[in-house]
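These notes are about the structure you will find just below.
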Amino acid sequence: MTITDDLQKLLDILPQDLRQVLENHPKRDSLVEVVLDLGRLPEARFPNQAEYLSETPVTQAQIDDCIQRVGNFGGDNRAGIEQTLHRISAIRNRNGKIIGLTCRVGRAVFGTIGMIRDLVETGKSILMLGRPGVGKTTALREIARVLADELHKRVVIIDTSNEIAGDGDVAHPAIGRARRMQVAHPELQHQVMIEAVENHMPEVIVIDEIGTELEALAARTIAERGVQLVGTAHGNQIENLIKNPTLSDLVGGIQAVTLGDDEARRRGSQKTVLERKAPPTFEIAVEMLERQRWVVHESVADTVDNLLRGRQPSPQTRTVDDQGKVAITRQLAVVNGRGGNLATSEESFSPARQSTGWRSSGQMLAIPSLPLEREKVGQSEFDRLLDESFNYSESIDFSATRQAGPNGEDLPLHIYPYGVSRHQLEQVISVLTLPVVLTKDIDSADAILALRSHVKNHAKLRQMAKARHVPIHVIKSSTIPQITRGLRRLLNIDDPEVGDERELQLFLHNGSDDEMDALEEARLAVEQIVIPKGQPVELLPRSPQVRKMQHELVEHYRLKSHSFGEEPNRRLRIYPA
């Protein structure tokens with residue numbers, strides 16, 4: 001990484017005494033800015049600290065002397081030094097007289113975009129987000145140089161305050177072969193953006209600090225003409241742009257949409273929801289959290305859609321070490337209660353108590369892996385425990401025969417069902433060979449599996465469970481998918497990524513060929529089209545009883561389905577998540 005700063009040219013405009021202090025300062029090379037305010041002590045700011053340069057307050061004569069050594073101040077109260085990247089910003093009083101100066105050091109840093117070079121080469125529009133001072137303009141300047149010199153594209157920079165290519169009529173060499181268009185007045189930036197496209201035939205347009213609605217609309221116009229955009233905007237994250245009505249068009253714009261009853265029911269949401277209005281102006285967004293740590297959203301459209309639907313996006317986090325090596329990690333959002341949070345469709349009520357074993361710890365550990373010799377025989381741990389559960393006698397002391405699981409619990413697990421179909425429970429336990437025994441005595445139960453509606457309206461059950469230190473696990477409805485999910489959660493077994501062939505047996509009523517064909521049709525539709533391709537699928541017409549089985553199977557995959565049409569052609573439509 002190479003840095004060019006022309007620092008001496010900035011120091012030359014300062015008063016003599018301050019210049020000498022900074023020229024001999026040990027941290028001179030990391031200077032960020034010098035602040036001169038009338039009647040206050042002059043201050044030098046570094047990345048992690050600030051210090052005074054003199055014990056004498058700044059006078060008006062010193063400020064006027066500095067002003068004469070720099071260029072003219074424009075409508076944005078900024079000036080520069082010819083052939084440098086430094087920026088001098090003015091603070092005026094009510095009469096327009098300059099009474100304060102912020103002298104910002106401008107550095108051309110070559111090699112800063114190593115973290116996102118692969119994204120720059122894709123030709124997609126890129127938006128850089130971050131707080132002031134994090135290095136947005138420096139990265140923008142380097143991107144413009146790489147696109148012009150190394151990728152041989154026609155690049156035009158819209159340089160509103162001459163911050164990207166420096167002050168004066170000759171652009172700073174840090175932008176390479178890229179061309180620069182200056183802006184006479186900041187409020188005319190959007191007009192210059194359109195002019196650049198119409199007059200100079202660019203392939204890439206680089207814009208710094210998109211801040212008004214007109215500039216956002218101009219950026220959309222440019223993007224829709226097939227020109228690659230690279231720009232910056234103030235805001236730490238994409239959420240800031242979504243909530244900013246002025247700049248929300250950069251990420252597609254937000255509008256309120258009223259859904260129909262069926263669609264609102266399918267989504268499980270209110271009837272009025274927020275949705276993205278149009279494709280985003282910028283296809284890629286980069287959140288510059290720190291100089292060496294950036295978060296990359298490869299698809300702004302997907303990120304915005306997820307945020308508006310209450311889901312957490314999973315962007316890339318890119319970091320670079322001292323050797324210039326880039327590391328890419330991805331943060332996965334918590335899904336279906338894994339990762340520390342409970343799923344929205346499931347709840348657990350565990351009474352507080354002082355005890356040992358898995359009830360006191362509040363969590364269940366995974367069952368240890370099978371010994372090698374048992375795997376060779378082909379008998380699983382669940383099969384062995386299931387055999388034990390079927391071969392016990394009522395007169396045997398359970399404390400002596402039941403095996404302890406990895407969390408201190410006894411296996412097989414004794415469950416007291418409340419409001420849940422015992423027949424369906426037995427069917428799930430039998431088909432999936434789970435180490436579970438159903439009991440009619442709450443005193444001998446290890447856990448209670450109950451319907452949520454029953455638990456809410458039955459205070460006595462909660463009191464009994466609390467007195468006996470038995471946890472209550474809740475499911476929404478007495479259906480095969482909900483029961484299967486509840487038992488898996490009790491035993492700490494992860495849901496399979498795809499449907500187990502055995503689990504098709506759970507949804508059969510009489511096992512006819514028609515039922516088997518219908519379930520197999522639904523399973524293939526889900527696993528081969530709906531989940532991988534994200535497309536809805538319509539199934540063949542079926543009888544009401546068979547459609548109910550198909551609905552249960554779709555629910556097992558945590559998807560939504562809806563019956564439509566008139567009998568005898570009524571059929572199922574399966575929707576992606």
Side-chain angles (χ1 to χ4, degrees), residues 1-93 96-109 112 130-141 159-168 172 174 186 208-209 232 234 288 290-291:
M1 190 176 291
T2 309
I3 300 176
T4 304
D5 58 12
D6 300 314
L7 183 58
Q8 190 59 47
K9 291 185 179 180
L10 179 67
L11 300 182
D12 288 343
I13 73 167
L14 299 176
Q16 179 69 27
D17 55 336
L18 304 184
R19 184 191 319 156
Q20 291 178 349
V21 173
L22 285 172
E23 285 176 346
N24 300 319
H25 198 284
K27 294 185 177 179
R28 162 184 163 159
D29 291 338
S30 61
L31 178 66
V32 175
E33 60 189 11
V34 178
V35 175
L36 305 178
D37 285 332
L38 180 63
R40 290 188 171 184
L41 300 181
E43 185 179 356
R45 294 177 178 171
F46 301 94
N48 298 315
Q49 67 180 55
E51 59 182 71
Y52 294 119
L53 298 176
S54 171
E55 298 298 325
T56 306
V58 176
T59 64
Q60 187 65 51
Q62 288 177 312
I63 292 178
D64 293 341
D65 188 42
C66 293
I67 294 171
Q68 292 178 0
R69 294 196 182 99
V70 300
N72 296 324
F73 286 90
D76 53 358
N77 283 319
R78 291 179 178 180
I81 303 171
E82 189 98 9
Q83 291 277 292
T84 72
L85 301 173
H86 307 307
R87 185 183 76 194
I88 293 89
S89 303
I91 296 178
R92 301 179 185 267
N93 63 12
K97 187 176 182 180
I98 296 176
I99 58 171
L101 292 175
T102 302
C103 306
R104 180 84 172 269
V105 179
R107 292 183 171 89
V109 185
T112 57
R131 64 183 188 279
V134 80
K136 297 191 300 296
T137 305
T138 304
L140 209 60
R141 189 182 300 120
D159 206 358
T160 308
S161 58
N162 288 356
E163 194 176 357
I164 299 178
D167 206 48
H172 194 279
D208 195 14
E209 294 186 13
T232 66
H234 283 302
M288 303 175 66
E290 301 169 9
R291 288 188 179 270

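Shortest non-hydrogen contact noted between S89 and F73 is C-CE2, 4.3 Å. When all heavy atoms are compared, the tightest approach of A165 to D159 is N-OD2, 2.9 Å. The heavy-atom pair separating R78 from S161 by the smallest distance is NH1-OG, 2.7 Å. Of all non-hydrogen atoms in I63 and G100, the two that sit nearest each other are CD1-N, 4.2 Å. The two residues L41 and S54 make their nearest non-hydrogen contact at CD2-O, 3.7 Å. Taking all atoms of both residues into account, the shortest heavy-atom contact from G166 to L85 is N-CD2, 3.6 Å.
Of the inter-residue distances, the one linking H25 atom NE2 with L31 atom CG reads 8.5 Å to the nearest 0.5 angstrom. L140 contributes atom CG, which lies 10.0 Å from atom CD of E209 (distance to the nearest 0.5 angstrom). Separation of atoms CG (L18) and SG (C66) is listed at 7.5 Å; rounding is to 0.5 Å. For the atom pair Q49 CD and S30 OG, the distance stands at 8.0 Å (nearest 0.5 Å). The structure places CD1 of I81 at 4.5 Å from CD1 of I13, a figure rounded to the nearest 0.5 Å. Rounding to the nearest 0.5 angstrom, the gap separating the CD atom in Q20 from the CG atom in L11 is 11.5 Å.
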Derivation and outcome, side chain to side chain contact (heavy atoms under 4.5 Å, CB included), residues V105 and L7: CA-CA 7 Å; V105 179; L7 183 58; 4.0 Å; yes
Could you go through the side-chain hydrogen bond (donor to acceptor under 3.5 Å, both in side chains) check for D64 and Q68 one step at a time? CA-CA 6 Å; D64 293 341; Q68 292 178 0; over 6 Å; no
Evaluate the criterion side chain to side chain contact (heavy atoms under 4.5 Å, CB included) for residue pair L14 and L36; output intermediate values, then yes/no. CA-CA 9 Å; L14 299 176; L36 305 178; 4.3 Å; yes
Stepwise side chain to side chain contact (heavy atoms under 4.5 Å, CB included) check, T137 with T232: CA-CA 8 Å; T137 305; T232 66; 5.5 Å; no
Verify side chain to side chain contact (heavy atoms under 4.5 Å, CB included) between E23 and Q8, making sure each step is shown before the conclusion. CA-CA 8 Å; E23 285 176 346; Q8 190 59 47; 2.8 Å; yes
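Counting heavy atoms from C-beta on, the side chains of Q83 and H172 never come closer than 4.5 Å. Side-chain contact between N77 and R92 is present, with heavy atoms from C-beta onward closer than 4.5 Å. Side-chain contact between D37 and V58 is absent, with no heavy atoms from C-beta onward closer than 4.5 Å. Using a 4.5 Å cut-off on side-chain heavy atoms (C-beta onward), M288 and K136 make contact. With contacts defined as side-chain heavy-atom distances shorter than 4.5 Å, the pair D65/P15 does not qualify. Put simply, the side chain of R104 does not reach to within 4.5 Å of the side chain of I88, judged on heavy atoms. A 4.5 Å side-chain heavy-atom check between I99 and Q60 finds at least one atom pair inside the cut-off. A 4.5 Å side-chain heavy-atom check between E33 and C103 finds every atom pair outside the cut-off.
Residues E163 and R141 are not paired through a salt bridge, judged by the lack of any N-O separation under 4.0 Å between the basic side chain and the carboxylate.
Within 6.0 Å of the CG atom in N93, the count of heavy atoms belonging to other residues, nucleotides or ligands exceeds 12. Sparse packing is recorded around CD of E55, with 12 or fewer heavy atoms of other residues, nucleotides or ligands lying under 6.0 Å away. Summarising the local packing, CZ of R40 is surrounded by 12 or fewer heavy atoms from other residues, nucleotides or ligands at distances under 6.0 Å.
In this structure, a donor-acceptor pair under 3.5 Å is absent between the side chains of D6 and T84.
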